[in-house]
Amino acid sequence: MLQEDNGRVKVYARIRPTARFAQDMIELLPDGKSVNIHCKKDLRRGYINNQVLDWNFHLDRVLHNASQSDVYEECAKDIVTQALDGYNGTILAYGQTGSGKTFTMTGSTEKFQHRGIIPRAIQQVYREIRERPEYSVSVRISYLEIYNERMFDLLCTLPGAITTDPSLMTVTDDDDGYTRVKGLSVRNANSEEEALNLLFEGETNRIIAQHALNKRSSRSHCVFTIYIESHSRVESNTKYVTSKLNFVDLAGSERLSKTLSVGETQVEAMYINKSLTFLEQAVIALGDRRREHVPFRQSKLTHVLKDSIGGRCNTLLIANIWGEAVHIEETLSTLRFGNRMMNVPSEPAITEHFDTLRLCKQHEKEIRTLRQELAMHDTLTNRSQISYEPLSESQIQDVREQVKRFLAGELNDIELVNVRQIKETFAQFRVIVNSMESDVEERLRQKYVLQERDGAASATGGKLGAVPGDDSGLVGEVDGQGFGVGVAPPGVKPNVSTLVSTRKVKSRNKGKERDSAKSPVTGGAGQSDGQGSGEGQDRLQSPSAQSPTQRASTPPAKGQAFEEFKQERGSEINRILNQNKEILREKKRKAKELSESVNNLMKEINDNGVLLETRRQERLEQGEFRTDEGQVVIDEDEYELVRKVKDLKSHYRRDYEDLLNTKSEVTYCEKLVNQCRHRLVTEFDNWYSESFLGADDESKSGRDGRIPEDEQEKFDRLQLELLMEHPDSVPYYNAKMQTERRMHLTASGGSQKKRRPGALIATVRNKPPTSLTVT
């Protein structure tokens with residue numbers, strides 16, 4: 001599993017399975033994390049050279065003979081889980097051509113178990129969304145291809161897409177430090193099936209070619225991105241987190257001496273190696289903490305991955321190696337790149353956003369709602385004349401006068417009508433109390449001055465400026481020990497003893513009422529329970545509760561009763577069901593015939609194509625004949641083959657369209673048959689319950705009557721059960737079937753436009769089968 005908080009990029013090595021594994025040159029240590037490479041001395045450099053023969057690499061994990069599920073559990077599961085919490089994630093597949101990068105990232109569509117990291121990540125994303133009902137999560141998807149330093153949108157072939165000129169697609173940096181590709185379409189994916197459909201559509205548009213090391217070599221770098229935006233349904237919806245998952249399938253590094261590439265394939269290899277070199281330079285600069293400048297803008301690949309390699313992103317590199325002796329140099333180069341990648345710092349952080357506009361709108365809406373509720377409450381309590389606007393100067397002066405009168409004892413209560421008045425009242429209390437405290441301090445200061453003067457006068461034998469018996473300099477009444485601070489009026493402080501006695505009387509009255517209310521309820525409940533239980537037992541034990549006829553008679557078997565029901569009451573529904581079954585059998589028979597015809601036509605097209613290609617090769621060997629206008633002259637046999645192939649293709653397209661329409665009709669007829677069967681079973685259950693079981697036993701009987709299935713229905717049901725061994729594979733197979741059908745329609749229509757001109761013909765990875773079967 002992933003190691004957390006180590007502050008760097010993780011690197012995993014996956015070894016392609018091979019029967020010629022170089023055990024004497026590649027040593028896998030028992031810890032599962034270290035690899036030793038032992039090279040042989042290159043005698044072409046001479047006997048005396050400084051060539052390093054032994055290498056040791058320590059990685060996060062070495063995956064040898066690992067399945068697709070093990071690779072996903074080790075490498076991608078934690079990154080995908082953290083992406084839903086707001087952490088960005090990037091998984092890169094790096095290695096030489098033919099080492100298994102595309103198989104690791106995308107996998108094979110032939111078997112559900114062979115799917116790669118991207119389909120499994122899509123499945124996990126939607127599973128995590130279902131397990132988090134307290135969050136509202138939206139998912140969007142983009143698929144970018146970088147081919148010969150030009151960017152292409154792999155989802156531009158979908159219906160409704162706007163095709164963007166590759167020369168107008170540019171990489172930009174936004175204010176948050178993230179990179180964006182202008183002109184790249186981002187599609188909403190509301191379900192797992194829609195996301196897989198986008199993945200398969202992009203895979204069919206990728207550029208691949210054949211060379212000496214790989215029959216289906218990727219000729220471009222592809223970046224599949226999942227954008228996730230999560231809002232909390234429980235907390236404030238003004239705060240949300242965003243994240244993106246980048247799955248980067250890099251094109252393989254190539255040695256022209258081994259791939260034997262020429263022409264357009266050689267040009268592609270040059271662009272691939274150049275971009276990978278720039279990627280390595282950027283990685284070296286990121287790993288060197290003394291470097292201030294990182295050359296991200298040297299290539300489109302490094303510029304797109306600027307925010308995805310280390311930094312605030314969860315980055316993981318899968319180094320794919322080919323463990324054979326002839327590829328030991330490429331293996332060594334891949335592992336050295338992995339070691340450099342481990343020096344890149346990575347400190348993931350949650351990407352949080354606050355929608356201030358939505359917060360203001362939410363507060364305004366809440367204020368309006370509260371005002372409406374307050375107005376409704378005032379109307380019900382006859383307080384409709386109260387205003388909740390800010391207080392005017394006259395109203396503030398009235399509040400001040402009321403507070404003064406209350407403190408002076410002239411007013412017993414202050415009427416409070418709203419929150420603004422309460423706040424203003426407390427504010428006036430603070431102002432007046434502070435003023436009174438200032439007066440008290442002033443009087444105390446004057447008293448101290450008088451005492452000092454009295455002391456001085458007594459020392460001189462008399463008082464200075466004081467009248468005997470005059471206490472005007474004192475404040476309040478004296479307490480016998482010194483000076484006083486004043487005594488409050490007697491009506492201000494409540495009588496505590498009166499309040500305590502009143503509370504005791506109320507508590508005693510409540511206790512008596514509670515005791516008096518308990519006894520009759522308890523007794524009544526006990527009597528009612530006893531009566532209810534007695535009546536229930538009498539009803540259960542009474543023999544008259546059931547009809548003697550129903551107890552004595554034995555209902556017939558459901559199979560026999562069902563045959564009688566089809567002959568009498570359910571004859572009309574049974575007739576409609578049989579008609580629909582007959583129509584369904586006819587449609588299936590027609591679909592089977594069309595399928596056989598399409599297969600035969602495809603076989604004839606292939607056979608005639610082989611003959612035509614043979615004739616063309618013979619003509620080229622013997623020498624071509626051209627007219628004065630430069631047109632090639634062919635013989636009658638070759639012309640007959642060309643015309644025949646053309647007619648077969650036209651017939652094939654017509655039969656294939658008929659087959660698709662017939663399959664749609666078969667699906668509709670199956671739906672009608674199921675509806676009729678369900679209606680017949682429902683009517684039979686109701687009739688059987690009313691006729692033999694009675695109304696009381698209807699809920700206990702259960703509806704277990706079923707119509708016997710014919711042989712074809714049993715075969716279809718058994719085939720469905722065998723195909724769907726994994727319940728999670730339904731969206732995967734549905735998306736695959738939709739993509740194959742769209743490809744067939746595009747190929748039969750012949751109206752697909754070439755995405756880019758050139759000598760290289762772009763083929764598709766997930767090519768549909770050449771033979772059709774009806775299930």
Practice task
Check step by step if side-chain hydrogen bond (donor to acceptor under 3.5 Å, both in side chains) holds for T157 and E201.
Solution key: CA-CA 8 Å; T157 56; E201 178 67 21; 2.4 Å; yes

Examine distances only and state if a side-chain atom of [X] and a backbone atom of [Y] form a donor-acceptor pair shorter than 3.5 Å.
X    : Y    : value
T18  : G323 : no
S99  : G95  : no
N606 : M602 : yes
T106 : F103 : no
E194 : N190 : yes
R115 : F112 : yes
K101 : Q96  : yes
R14  : H64  : no
T667 : K663 : yes
R219 : A251 : no

Shortest non-hydrogen contact between [X] and [Y], atoms and distance:
X    : Y    : result
C156 : D153 : SG-O, 3.0 Å
L577 : V673 : CD1-O, 3.7 Å
L154 : N205 : O-ND2, 2.8 Å
G338 : L317 : CA-CD2, 4.0 Å
I122 : A195 : CG2-CB, 3.6 Å
G202 : L155 : N-CD2, 4.1 Å

Handout entry: From CA spacing to verdict: side-chain contact (heavy atoms from CB on, under 4.5 Å), L250, L301
Key = CA-CA 9 Å; L250 299 173; L301 176 64; 3.8 Å; yes

Test: [X] and [Y] ion pair at under 4.0 Å:
X    : Y    : answer
K300 : E149 : no
R653 : E657 : no
K590 : D658 : no
K587 : E670 : no

Side-chain contact test, heavy atoms from C-beta onward, threshold under 4.5 Å: evaluate it for [X] versus [Y] and give yes or no.
X    : Y    : value
I91  : C75  : no
I318 : I117 : yes
S275 : I146 : no
K182 : M169 : no
V71  : T104 : yes
L158 : L198 : yes
N246 : K244 : yes
L305 : L92  : yes

Atom [atom1] of [X] and atom [atom2] of [Y]: how far apart are they, to the nearest 0.5 Å?
X    : Y    : atom1 : atom2 : value
E145 : S220 : CD    : OG    : 3.5 Å
N599 : K603 : CG    : NZ    : 10.0 Å
I576 : N578 : CD1   : CG    : 10.5 Å
L335 : I26  : CG    : CD1   : 8.0 Å
I15  : L28  : CD1   : CG    : 4.5 Å
M151 : L144 : CE    : CG    : 6.5 Å

Tell me yes or no: between the side chains of [X] and [Y], is some donor less than 3.5 Å from an acceptor?
X    : Y    : answer
N600 : S597 : no
Q68  : R120 : no
Q124 : Y72  : yes
E604 : Y652 : no
N320 : T334 : no
H651 : D647 : no

Practice task
Please test V326 against R20 for side-chain contact (heavy atoms from CB on, under 4.5 Å), starting from the C-alpha separation and ending with a verdict.
Solution key: CA-CA 10 Å; V326 294; R20 299 185 297 272; over 6 Å; no

Exercise for the section: Kindly assign one of parallel, tilted or perpendicular to the pair H327 and W322, based on the angle between their ring planes and the thresholds 30° and 60°. Expected result: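 Judged by the thresholds at 30° and 60°, the geometry between H327 and W322 is parallel.
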
Handout entry: R654 charged N/C atom sitting above Y656 aromatic ring, 6.0 Å / 45°
Key =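 No, R654 does not lie over the aromatic ring of Y656.
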
Handout entry: More than 12 heavy atoms from other groups under 6.0 Å of CZ on F337
Key =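 Counting neighbours around CZ of F337, more than 12 heavy atoms of other residues, nucleotides or ligands fall under 6.0 Å, so yes.
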
Practice task
For the pair R187 and S142, evaluate side-chain hydrogen bond (donor to acceptor under 3.5 Å, both in side chains) and give the outcome as yes or no after the intermediate values.
Solution key: CA-CA 6 Å; R187 299 280 182 149; S142 66; over 6 Å; no

Handout entry: Verdict with reasoning, F247 to I226, per side-chain contact (heavy atoms from CB on, under 4.5 Å)
Key = CA-CA 9 Å; F247 300 94; I226 302 177; 3.9 Å; yes

Problem - Aromatic ring proximity, centroids under 6.0 angstrom, Y147 and H221 - result: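 Between Y147 and H221, which both carry aromatic rings, the centre distance is not below 6.0 Å.
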
